[in-house]
Structure formats: structure tokens, C-alpha cells
There are 2 protein chains.
Amino acid sequence: MATGRTHRPATRSRGIPEATVARLPLYLRALTALSERSVPTVSSEELAAAAGVNSAKLRKDFSYLGSYGTRGVGYDVEYLVYQISRELGLTQDWPVVIVGIGNLGAALANYGGFASRGFRVAALIDADPAMAGKPVAGIPVQHTDDLEKIIKDNGVSIGVIATPAGAAQQVCDRLVAAGVTSILNFAPTVLSVPDGVDVRKVDLSIELQILAFHEQRKAGEETAAGDGALTAAAPRGAAADHSADQGPDGDVPAVMPA
Amino acid sequence: MATGRTHRPATRSRGIPEATVARLPLYLRALTALSERSVPTVSSEELAAAAGVNSAKLRKDFSYLGSYGTRGVGYDVEYLVYQISRELGLTQDWPVVIVGIGNLGAALANYGGFASRGFRVAALIDADPAMAGKPVAGIPVQHTDDLEKIIKDNGVSIGVIATPAGAAQQVCDRLVAAGVTSILNFAPTVLSVPDGVDVRKVDLSIELQILAFHEQRKAGEETAAGDGALTAAAPRGAAADHSADQGPDGDVPAVMPA
DNA sequence: CCATCTTTGTGCACGCGTTCACAAAGACAT
DNA sequence: ATGTCTTTGTGAACGCGTGCACAAAGATGG
């Protein structure tokens with residue numbers, strides 16, 4: 001019984017570690033910003049700071065893609081942007097559908113970060129007949145009945161689920177049956193999918209709960225004996241010490257492969 | 001654990017691995033569902049399936065919290081719900097503020113998953129004067145000018161940033177200065193914070209990019225034979241010139257002349 | 001052409017997280 | 001009480017990811 005086991009037997013030989021893949025978009029974002037400022041080249045140290053990671057890690061990440069740097073100089077920004085984009089598959093157009101046009105679905109439809117990265121919202125789908133035809137973010141909402149046709153007509157392979165938890169699995173099943181092989185799930189449910197289908201989930205309340213855990217620990221520690229170095233006071237220089245600790249675990253993605 | 005022998009070094013650091021903490025909300029959600037169905041006990045196997053994880057992992061995770069199970073029977077659902085809630089700090093009320101009431105901020109304000117987990121939206125804050133006073137999700141939006149006062153009056157320690165990228169760092173600085181020590185960041189920026197402040201980030205477009213990577217790999221694999229390199233296929237022009245060696249996807253680790 | 005300086009690319013070691021496999025612990029039947 | 005059966009809790013092995021430290025590679029200047 002496959003409970004969404006997206007177990008990948010690893011990328012056979014040409015394996016780019018998952019952790020690296022998860023950071024590539026981060027580098028790409030930083031590089032794009034540099035590109036817009038017409039910066040020609042960047043060192044691993046500078047780029048790492050901009051992306052909020054360790055420079056050694058960045059260099060190792062890039063080494064999986066190939067030797068795209070020049071020793072003594074750094075990396076060519078434009079070239080690297082292209083290489084990473086290609087590696088991530090962003091040089092092609094990815095039509096996506098968003099299912100469940102409630103508050104969150106509508107926000108996602110309006111989110112500009114998609115279009116700017118090669119993702120195109122091909123359709124918005126909702127189960128409420130009253131929503132049908134109503135435009136959201138300039139796109140008319142279509143009814144769930146037409147889900148299969150929409151997927152096929154648009155060649156959609158990536159679906160976003162923003163429905164209530166109760167409807168998620170059913171929607172997921174229909175998406176998969178219609179040909180979708182990658183799903184971004186915002187519903188607070190564990191989705192069950194066949195092999196070959198990737199699921200990533202984002203659960204907003206989970207993120208807050210993790211923060212609450214650490215928050216509680218901080219609060220408890222100040223009463224405990226060990227005053228040590230964790231007292232609030234916190235040096236506010238901030239900027240000085242770059243490479244700031246981005247969270248307790250630096251990198252644990254807010255999202256995990258399901 | 002039951003057999004004396006408590007880790008001495010773990011006493012103070014409360015050693016619960018980050019990976020485990022990140023899964024506790026998952027277990028809690030599954031347990032809550034069982035609780036609502038009045039299921040009295042559950043085995044690690046069943047609960048693991050419901051949470052979408054491996055049963056051995058679940059048992060090890062719980063072992064960090066203590067011995068809350070009964071061998072031969074399983075775990076008491078209600079008791080476990082309480083233990084995990086307490087461990088996560090959800091038995092207390094956490095007032096949070098949401099800064100940036102655009103599409104996403106409004107969706108977050110309306111999101112029901114917060115209140116049901118002990119989080120209370122204490123205030124909505126936006127920089128647009130036109131928004132001030134306007135109710136969103138039944139809560140009147142307040143202006144950024146009052147940010148510090150709002151934080152202090154409500155004893156807020158958790159802040160959610162849903163502003164445009166350009167404003168995020170500035171908002172973050174003000175939140176931290178006002179006393180916030182945990183931040184959930186939705187803006188596509190690396191935030192710089194002093195020690196002692198936790199930041200977790202959620203970037204929707206990054207998730208899609210990761211899916212696109214795997215999607216591309218799936219598409220490429222079906223053309224390639226069982227092994228070997230991924231055939232270029234260069235989906236849409238953009239074929240750069242430097243094709244020669246590394247080209248499309250060549251084997252990355254070059255030969256080491258040593 | 002040689003010396004020096006900068007920055008990449010990576011071998012290596014370490015620590016965390018995952019998984020296996022099994023002894024210990026308790027429930028339950030006889 | 002004793003034996004059997006179920007399920008937990010965990011020791012140990014393994015694999016992945018991270019960070020250090022340095023040699024190789026190329027730029028730059030004399």
C-alpha cells in the first residue's frame with residue numbers, strides 16, 4: 001500500500017542530491033537579482049551570502065551541475081542563470097492548474113511569483129457552481145466537472161490543490177488519473193498517490209507549530225539555570241554577521257516531500 | 001527510558017531532533033482525527049500510515065518524548081494528543097500578527113488552521129493607509145506606524161510576514177526590535193536576523209520549481225534507454241553554444257587528472 | 001616566462017537522520 | 001502462574017548532507 005511513497009531510487013548515476021535541488025531555486029533568485037543589476041560575475045562567497053547559505057555548500061552544489069566557474073574570478077552571472085534554469089526545467093513552459101479557489105486558491109492565482117518563473121496558470125477549478133465563470137486574477141473559474149478535459153487540453157502535468165482537506169484526496173485522484181504527475185498540496189491531508197507521482201506539501205499551521213515549539217523552549221530556558229549565552233538582549237548589529245542563522249536548522253524546507 | 005539510565009547530557013538541551021519536531025505536527029493532526037472518531041488506542045503501524053511515515057521512525061520520534069505507549073497494545077490517543085500538544089507548546093495561547101495584507105495576507109487571516117491549533121490572530125498590519133480600519137476576516141487592519149505598540153500591547157512573539165519582497169527586511173527588523181522572536185516569512189527574500197530569532201520560510205514558487213525539476217527528469221527518462229545519459233532533446237531552442245563537453249546533462253564529475 | 005594572488009572544485013571527516021532487527025515488556029489465554 | 005502473542009523502545013549500522021581545509025587552475029603583474 002503506497003501512502004504517497006514518492007520514494008525515488010535516487011537519480012541513478014547522474015544524481016543531483018535532493019538537498020541541492022532544493023537550493024537551486026534559492027541561488028537562481030539571488031542570481032536573477034544580480035543579473036537585473038547587471039553584475040557580470042560573482043564569487044561563491046558573495047553569492048552564498050546573498051542566498052543565505054555557506055559558500056562551501058554552494059560550491060559543492062554547483063559542482064554537481066558541472067564546472068561553470070572560473071578560478072580566481074568567480075561565476076558568470078548570466079551563464080549560471082541559464083544553467084540553473086535549464087537544470088530546473090524552467091526554460092520550458094509549465095502550465096499548472098489550481099484546484100480550489102477559496103481564499104488561498106485565489107491568492108495563489110494572483111501570486112506573481114509563478115509567471116515570473118516559467119509557470120503559467122492554465123486554469124482555475126472549483127467545485128462551487130456559483131464560482132463558475134467568475135474571473136479570478138483575470139482567469140475565469142471553471143467547474144470541477146471539466147477537470148479531466150482541462151488537464152488534457154492544456155497538457156497540464158503540475159497541479160496545485162488548495163481545496164478543503166476533505167476534498168483533497170478525491171481531487172488528487174482525478175488529477176492523477178487525468179495525467180498530472182506532480183502535485184503541490186496545500187490541504188492538511190496526507191495524499192496517497194501511485195508511484196511516479198511527486199507530491200510536495202505546504203501546511204501553514206505546521207510551520208507555526210514548529211515555531212511555537214522553539215518559542216516555548218526559549219521562554220523556558222530563560223527561567224532555567226543556564227543563563228549562558230542565550231539571553232535575549234540579542235546584538236542588533238545584525239547585518240555585520242551575515243550568513244545569519246536562517247532558522248533553527250538553517251535549511252529544513254518548509255515543505256517536505258510527501 | 002523506563003529503565004533508569006537517563007541520558008545525562010541530554011538533560012539540558014532537551015534533545016529532540018529537529019526532524020522529529022517537524023513531524024510532531026503531522027502526528028498531532030492524525031491523532032486529532034482519530035480522537036474525533038473516538039478511537040481509544042492506535043498502534044505505531046496504524047498511526048504511521050495515517051501520518052504518511054515509516055513506523056520505525058514514528059516510534060523513534062515518540063521515544064524522544066518519553067515512553068507513552070503500551071507494548072502489545074499501542075498508544076492511547078487522547079494521552080498522546082495531550083503530550084504532543086504540550087511538547088509543541090500548543091497548550092498555551094500564541095498571539096500572532098500578520099504583516100502585509102495583500103492577497104496572501106488576507107488568505108492567511110482567513111485560514112482556519114491557525115485558530116484550531118492555539119494560534120490567535122492578534123492583529124493585521126499593512127502599510128497602505130487606505131487599508132487601515134478595513135476589516136479582513138473580521139479583524140480591522142491597522143497601520144504599520146503602530147506596529148511596535150501592537151506587538152507590545154498584545155505580547156506577540158510570533159510574526160508572519162506576507163509583504164512584498166522589498167519591504168520584508170524592514171518589517172522584519174521592526175518586528176524583532178519590538179520583541180518578536182519567531183518569524184514565518186512568505187516574502188521571497190533571505191531575512192537577516194540576530195541570534196535567538198527563529199525564521200522559517202515558505203516560498204511557493206520554490207516548491208513549484210522543485211516539482212518542475214523532477215517533472216523534467218521524468219519526461220527525459222522515458223526517452224532515454226534504461227541507463228546512460230539523459231538525451232538532451234533541448235525542448236525549445238535555447239541551445240547554447242558551449243555544447244561541447246558538459247553540454248546538456250553530461251556526467252558531472254569530470255575526470256580528475258590528479 | 002615566472003611569481004604571486006585569488007577563487008574554484010573536492011577529498012575527507014564528522015554528525016544527523018533513517019532504517020533494520022530484536023530484546024524487553026506487557027496483554028491475554030489457559 | 002506460565003506460556004504465547006503482540007507491539008513497543010532502542011542499539012547499531014548505514015547513508016546523506018555539511019563544512020573544513022587544501023591543492024589545482026587560472027588571472028594578474030612584473
From the options [options], select the nucleotide whose nearest atom is closest to the side chain of [X].
{"X": "B:A56", "options": "C:dC20, D:dC20, C:dT18", "answer": "C:dC20"}
{"X": "A:N54", "options": "D:dC20, C:dA27, D:dG9", "answer": "D:dC20"}
{"X": "A:E18", "options": "D:dA21, D:dG17, D:dA12", "answer": "D:dG17"}
{"X": "B:S67", "options": "D:dA27, D:dT18, D:dG9", "answer": "D:dG9"}

With no hydrogens and no angle check, do the side chains of [X] and [Y] hold a donor and an acceptor under 3.5 Å apart?
{"X": "A:S192", "Y": "A:Q169", "answer": "no"}
{"X": "B:E215", "Y": "A:T181", "answer": "yes"}
{"X": "B:S205", "Y": "B:Q209", "answer": "yes"}

*ring-ring contact (aromatic ring centres under 6.0 Å, His included) partners of residues 17-62 of chain B, not counting sequence neighbours, each pair once*: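 Listed once each, the pairs are B:Y27-B:F62, B:F62-B:Y75.
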
What is the distance from [atom1] of [X] to [atom2] of [N], rounded to the nearest Å?
{"X": "A:F62", "N": "D:dG17", "atom1": "CZ", "atom2": "C1'", "value": "17 Å"}
{"X": "A:I16", "N": "D:dC16", "atom1": "CD1", "atom2": "C1'", "value": "16 Å"}
{"X": "B:Y64", "N": "D:dT8", "atom1": "OH", "atom2": "C1'", "value": "15 Å"}
{"X": "A:E46", "N": "C:dT6", "atom1": "CD", "atom2": "P", "value": "14 Å"}
{"X": "B:D76", "N": "D:dT8", "atom1": "CG", "atom2": "C1'", "value": "15 Å"}
{"X": "A:L47", "N": "C:dT8", "atom1": "CG", "atom2": "P", "value": "10 Å"}
{"X": "A:D61", "N": "D:dT18", "atom1": "CG", "atom2": "C1'", "value": "10 Å"}
{"X": "A:K57", "N": "C:dG15", "atom1": "NZ", "atom2": "P", "value": "16 Å"}

*Between the base of C:dT19 and the side chain of B:K60, is there a donor-acceptor distance below 3.5 Å?*
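Answer is yes: a donor-acceptor pair is held.
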
*asked:* I'd like to know if B:R71 reaches the base of D:dT7 with its side chain such that a donor and an acceptor end up less than 3.5 angstrom apart.
replied: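 Between D:dT7 and B:R71, which were checked side chain against base, a qualifying N/O pair under 3.5 Å is absent.
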
*Return the 5'-most residue of the pair A:G72, A:R59 with respect to DNA chain D, ranking by each residue's nearest nucleotide.*
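Checking each residue's closest nucleotide, the 5'-ward one belongs to A:R59.
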
*Kindly write out the residues that satisfy side-chain hydrogen bond (donor to acceptor under 3.5 Å, both in side chains) with B:Q83, not counting sequence neighbours, or none if the list is empty.*
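Checked B:Q83 against side-chain hydrogen bond (donor to acceptor under 3.5 Å, both in side chains); matches are B:Y68, B:Y79, B:R86.
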
_Are A:L90 and B:F213 packed together at the side-chain level, in the sense that at least one heavy-atom pair is separated by less than 4.5 angstrom?_
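With C-beta onward as the side chain, the pair stays apart.
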
*Report yes if some heavy atom in the side chain of A:D198 is under 4.5 Å from a heavy atom in the side chain of B:I210; otherwise report no.*
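Side-chain contact under 4.5 Å: no.
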
*Ignoring backbone atoms, test whether A:Y75 places a side-chain nitrogen or oxygen under 4.0 Å from the OP1 or OP2 oxygen of C:dG9.*
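It does, given that an N or O in the side chain of A:Y75 lies less than 4.0 Å from OP1 or OP2 of C:dG9.
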
*Could you list by number each residue of residues 31-44 of chain A showing a heavy-atom separation from DNA chain D of less than 4.0 Å, or answer none if no residue does?*
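Within residues 31-44 of chain A, no residue comes under 4.0 Å of DNA chain D.
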
